[in-house]
Amino acid sequence: MARTGNVEDLTTLQMALVGYEFEKRKIEDKIGELQARIKGRRIAAADNGKKAPGTKRILSAAARARIAAAQRKRWAEHRKRVAQAAKEQ
């Protein structure tokens, strides 16, 4: 049987593999960005699911309606409490 080498060699090879895999991911990301630019698509500027600064959220009409209804409900409750406080004084 052939020997694989000492532990230090194995550790060095493992660390080198991790480094090369990291570099490979970076290169693949860059390739994806270039391919997207060629196809005319926009790319998010930030990684890890983070939004690029200054980007707006796009809400559907239904979502805007739900938000508006919830806000109207909060204001109605607020006005009701203010009216009750005024009657008690």
Discussion item. I'd like to know if the side chain of Gln71 pairs up with that of Arg74 as donor and acceptor (distance under 3.5 Å, no hydrogens or angles considered).
Written reply: yes

Fill in: Reported CG-to-NZ distance for the pair Leu34 and Lys30, which is rounded to 0.5 angstrom
8.0 Å

Worksheet item: With a 4.0 Å cut-off, would you call Lys24 and Glu21 a salt bridge?
Response: no

Worksheet item: So how far is it from Leu10 CG to Gln14 CD, rounded to the nearest 0.5 Å?
Response: 4.5 Å

Worksheet, complete the sentence: Here the gap from Leu17 atom CG to Phe22 atom CZ, rounded to the nearest 0.5 Å, amounts to 14.0 Å

Worksheet entry | Option passing side chain to side chain contact (heavy atoms under 4.5 Å, CB included) with Glu77 (candidates Lys80, Lys73, Arg79) | Lys73

Sequence neighbours excluded and cut-off under 3.5 Å, please list the side-chain donor-acceptor pairs for residues 58-66, or say none.
{"from": "Ser60", "atom 1": "OG", "to": "Ala63", "atom 2": "N", "distance (Å)": "3.1"}
{"from": "Arg64", "atom 1": "NH1", "to": "Leu59", "atom 2": "O", "distance (Å)": "2.7"}

